[in-house]
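Quick caveat, the model's predicted, so the values are computed rather than measured. Chain letters run A, B, ... following the sequence lines, proteins first and then strands; every chain starts at 1. No hydrogens, no waters, no symmetry mates; every other heavy atom, side chains included, goes into these values.
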Amino acid sequence: MNHTKREPNGSAVDLMALRHSAAHVLAQAVKRLFPSAQVGIGPATEEGFYYDFRFERPFSPEDLEKIEEEMRRIIATDAPIVRRPLSREAAHELFEKTGEPFKLEILHSIPAEAEITVYDQGEFTDLCRGPHLPGTGQIGAVKLLSSSGAYWKGVETNPSLQRIYGTAFPTQAELDAYLARLEEIRQRDHRKIGKEQGFFRTLDENGAGMVLWLPRGARIRRVIEEIWKTRHDRHGYQYVYTPHIARLDLWKQSGHWDFYRESMFSPMEIEGSEFELKPMNCPFHILIFKEAVKSYRDLPVRLAELGTVYRYERSGTLHGLLRVRGFTQDDAHIFCRPEDIASEIGKVLTLVDEMLLPFGFTNRSVYLSTRPEGSVGSDENWALATGALEEALKNAGIPYEIDPGEGVFYGPKIDMKFHDVLGRTWQLSTIQVDFNLPEKFDITYRDSSGNDVRPIMIHRALLGSVERFFGILVEHFKGAFPLWLAPEQVTILPIADRHIPYARKIAETLEQEGVRVVTDFRNEKIGAKIRDAQLMKIPQMWVLGDREAQDETISIRHRDGQAGGTLPWREALVAIKEEIRTGLSLG
RNA sequence: GCUCCUGUAGCUCAAUUGGCAGAGCACCCGCCUUGUAAGCGGAAGGUUGUCGGUUCAAUUCCGACCAGGAGCUCCA
């Protein structure tokens, strides 16, 4: 299989082979510059390639530059890359001689019947299955990106190696486009924008993975939460509040203490009993369900809560708002009869659309995860629930893929991954059927024949967590939130002090009309006020000076620099209210 | 948690080989009353993440801890 010929437009090259060859060139360059380095493995990846080395010290950025230069030299020589099958013994001898213990380890793990091949390029030979480009010259453009530690074979107890990451493309133009995309991702980083715009902070003082929501971020969060509550009210959910801690016994009964303990904080002792920070909301919702006898007439019971949970995450995994230790799930639990699963899931699917379309998440991939090994629940229940999930997806006309065996141990689930403006995917919504907790807490309802029957429980989150969702939104919108969601919708900018009373009058009216408005009465030139408003990405600037004060008008400027014309301020108020209303009701 | 890197004023960053810590922006005070992306001047701001060690002397060297970053691992 050899499709390495470059097309005239440079696009039809086998990228994986190209990058795999680039990884070999990387290893060759490292061996030339640092002969004592031992090679690990060096595969192509989605976005590039890496190679692992054992070396007496970490590679510095300067090392990477030198290595990259050496790689360019190797590419320039267009050394042929030659496949060479050889016997197991010959291969052993070869890597024994070159002193490559990791290669020997791989060699010995290759099944006896498999053919052994190495690839030669110049003085460098690597144990490899291939395929590769015919020559190093066909690697068009290469760039080393970073280095970091990695365990041999990804096992923590194995030796730690130095991994060098890079990427390669058939043409410089494609590489440049990729690097531009990386830069764009950096520019959108929610941690950077969050700090610049005063959305949130995490500080040493209160510990890792705990988020402080600053006023500007909190305003956006409130809008999201209000929409969320309104939509859930409309869909027949009942909002509840539950505590942040509970007796350890509750978590023992739910099974979390057995199955989820490594993600839970240590218990605290209060007057001789042990209490535990909640990692989940479900046990509380079950207690609420259980609190009064339920009839089939009461079902389905849908309990909703923006519930803040605390989970121990290893320090190295924490990341801005996307991975934290205290976060708020947009949680709900639906208790229903088995025969109602499909219709309840169908309603959740509708609600997913209502919640996520307004934010511009129109593209998604949907996965149905089926029964895993070691799961609880009867075959009949699994078949019933999995069938109900499929039925709901089909009724809703939602295309999906089956993820075999990827369900949770307590039931099948639907996961939805949404695509942001850069095409990155984020797992947001999840809908999970649970046969386990109703059993553990022995919850029942009385059916029409007077029998006590076990309800089915559905866990579902649409946004996932409010913190994470907000972080994704910041990156999605690059900090420029749409008008209906922006922390400040209008800023009023008087040109000189004498216009302040007029500005104040407008601001007060806007506030009364429910528009989020701020004013900038600082003793600054209008250019400075505009600059600051634009950096804060405030959608509309209403500028007013002598002319406007005279005519009861304002001059509108949008945050993209576009002029919005001069018009009577009351008209502008009607227009902006309409624009906000439209934005809120989208989807 | 592990490997490596980083931590200097609210923010973004400087500081030759170890020798009294500096700039821009922001904040505060003045002047200017401003017309669509930064007006001018001044003052103030620090136990260099924390604790310990080496040294006559530590932002600089060493250790531990805390926090951040790139990965690994994890994500029932």
Side-chain angles (χ1 to χ4, degrees), chain A residues 45 50 52 54-55 57-61 63 145-165 186 189 191-192 195-198 201-210 254-264 279-280 311-320 322-323 372-376 406-411 413 427 432 434 436 464 468 491 493-500 521-536 541-549 554-566:
Chain A
T45 64
Y50 65 82
D52 288 343
R54 179 153 73 180
F55 190 50
R57 61 173 177 84
F59 294 108
S60 67
D63 292 335
L145 297 169
S146 64
S147 64
S148 71
Y151 304 106
W152 170 238
K153 291 182 172 171
V155 178
E156 286 192 29
T157 48
N158 281 349
S160 192
L161 307 179
Q162 305 295 325
R163 175 170 298 178
I164 297 178
Y165 283 89
R186 262 192 291 278
D189 192 311
R191 294 166 300 181
K192 168 176 140 65
K195 194 188 263 187
E196 286 168 355
Q197 289 212 38
R201 289 298 298 270
T202 52
L203 297 175
D204 305 10
E205 288 91 325
N206 68 322
M210 305 293 180
S254 69
H256 290 109
W257 191 243
D258 288 332
F259 289 99
Y260 203 67
R261 191 188 310 190
E262 69 278 8
S263 294
M264 293 167 73
M280 303 255 182
R311 297 182 184 175
Y312 167 71
E313 301 281 358
R314 300 168 102 189
S315 54
T317 66
L318 300 173
H319 183 85
L322 302 183
R323 195 74 181 270
E373 300 287 316
S375 54
V376 303
E406 285 303 305
V408 198
F409 80 86
Y410 51 67
K413 63 171 179 173
Q427 155 96 49
Q432 309 180 349
D434 186 349
N436 181 49
R468 192 176 122 89
T491 179
L493 309 178
I495 300 240
D497 289 351
R498 62 181 174 279
H499 311 122
I500 289 178
F521 294 163
R522 289 175 308 162
N523 185 8
E524 288 288 353
K525 293 198 151 171
I526 194 66
K529 295 183 183 183
I530 283 171
R531 178 170 192 273
D532 290 344
Q534 232 154 281
L535 288 174
M536 286 297 114
M541 286 152 258
W542 290 11
V543 179
L544 42 91
D546 290 334
R547 297 194 294 271
E548 289 81 5
I554 46 102
S555 165
I556 297 182
R557 182 188 166 105
H558 297 284
R559 65 181 162 202
D560 59 3
Q562 295 289 308
T566 299

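Computed from coordinates, the A/I164 CD1 to B/U3 C1' distance equals 14 Å when rounded to whole Å. Atom NZ of A/K529 and atom C1' of B/G35 are 11 Å apart (whole Å). Summarising the geometry, the separation between CD on A/E313 and P on B/C2 is reported as 16 Å, rounded to the nearest angstrom. Here B/A37 presents its P atom at 12 Å from CG of A/D532, a figure rounded to the nearest Å. A/L161 places its CG atom 12 Å from the P atom of B/U73, with the value rounded to the nearest Å. The separation between A/E196 atom CD and B/U12 atom C1' is 10 Å, rounded to whole Å. When rounded to the nearest whole Å, the span between CZ of A/R557 and P of B/U36 equals 9 Å. For A/M541 and B/G35, the CE to C1' distance is 14 Å, given to the nearest whole Å.
You won't find any donor-acceptor pair under 3.5 Å spanning the side chain of A/T317 and the base of B/U73, going by distance alone. Within 3.5 Å, a donor on the side chain of A/R314 pairs with an acceptor on the base of B/U73, or the reverse. Counting distance only, with no hydrogens placed and no angle test, the side-chain atoms of A/E548 and the base atoms of B/G35 include a donor-acceptor pair under 3.5 Å.
Among the protein residues, A/S263 comes within range of no part of the nucleic acid, since none of its heavy atoms lies under 4.0 Å from any strand. Using a 4.0 Å heavy-atom criterion, one finds that A/I495 contacts the bases of the nucleic acid, with or without backbone contacts as well. Using a 4.0 Å heavy-atom cutoff across all strands shown, A/R498 reaches sugar-phosphate atoms only and no base atom. When heavy atoms are screened at a 4.0 angstrom cut-off, A/G527 is found touching the sugar-phosphate backbone but no base atom.
Comparing A/Q162 and A/D560, the nucleotide of RNA chain B nearest to each residue sits closer to the 5' end for A/Q162. Annotation: of the two residues near RNA chain B, A/D546 and A/Y260, the 5′-most nearest-nucleotide partner is A/D546.
Taking atom C1' on both nucleotides, B/G18 is separated from B/C2 by 33 Å, rounded to a whole Å. Remark: the separation of the P atoms in B/U50 and B/A21 is 16 Å, to the nearest Å. Taking atom P in both B/C51 and B/C66, the straight-line distance is 15 Å, to the nearest Å. B/C13 and B/U8 have their C1' atoms separated by 9 Å, given to the nearest Å. With C1' as the reference atom, B/C20 and B/A57 are 11 Å apart, rounded to whole Å. Nucleotides B/U54 and B/G1 place their P atoms 29 Å apart, quoted to the nearest Å. Atom name P, nucleotides B/G22 and B/A67: the rounded distance is 32 Å, in whole Å. When the C1' atom is compared between B/U48 and B/G39, the two are found 34 Å apart, to the nearest whole Å.
In terms of heavy atoms, A/V376 sits closest to A/Y410 at CG2-CA, 3.9 Å. Listed here is the closest heavy atom pair of A/N436 and A/S254: ND2-O, 4.5 Å. Of all heavy-atom pairs between A/F59 and A/S147, the closest is O-OG, 3.5 Å. Closest heavy-atom contact between A/Y260 and A/M280: CZ-CE, 3.7 Å.
With a 4.5 Å cut-off on side-chain heavy atoms, A/I556 and A/W542 count as touching. For the pair A/M541/A/K529, no side-chain contact is recorded, criterion being any heavy-atom separation below 4.5 Å from C-beta on. Using a 4.5 Å heavy-atom threshold, the side chains of A/R468 and A/Q427 count as touching. Side-chain contact between A/E548 and A/V543: absent, with no pair of heavy atoms (C-beta onward) separated by less than 4.5 Å.
Qualifying side-chain contact (heavy atoms from CB on, under 4.5 Å) partners for A/D497, counting only residues two or more places apart in sequence or in other chains: A/I500.
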* Go through A/R522 and A/D532 one step at a time and tell me if the side chain to side chain contact (heavy atoms under 4.5 Å, CB included) criterion holds. => CA-CA 11 Å; A/R522 289 175 308 162; A/D532 290 344; 2.8 Å; yes
* To do: Mind running side chain to side chain contact (heavy atoms under 4.5 Å, CB included) on A/M536 and A/R559 for me, showing each step along the way?
  => CA-CA 9 Å; A/M536 286 297 114; A/R559 65 181 162 202; over 6 Å; no
* Given A/D546 and A/H499, is the side chain to side chain contact (heavy atoms under 4.5 Å, CB included) satisfied, shown in steps? -> CA-CA 7 Å; A/D546 290 334; A/H499 311 122; 2.6 Å; yes
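For A/R261 and B/A76, the shortest distance from a side-chain N or O to OP1 or OP2 is not below 4.0 Å. Phosphate proximity of B/U12 to A/K195: present, with a side-chain N or O under 4.0 Å from OP1 or OP2.
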* Structure fact -> Dot-bracket for RNA chain B, 5' to 3', Watson-Crick and G-U pairs with both distances under 3.5 Å, [ ] for crossing pairs, | for partner on another strand, reads (((((((..((((.....[..))))..((((.......))))......(((((..]....))))))))))))....
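Each of B/A76, B/C74, B/C72 was ranked by its minimum atom distance to the side chain of A/R163; first place goes to B/C72. Side chain of A/I530, nearest nucleotide from B/A37, B/G35, B/A76: B/A37. Taking every side-chain heavy atom of A/R522 into account, B/C27 is the closest of B/U36, B/A76, B/C27.
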Where do N or O atoms of nucleotides 63-70 of chain B meet protein N or O atoms at under 3.5 Å, pair by pair?
residue, atom, partner, partner atom, Å
B/A67, O2', A/D204, OD1, 2.9
B/G69, OP1, A/R191, NH1, 3.0
B/A70, OP1, A/R191, NH2, 3.2

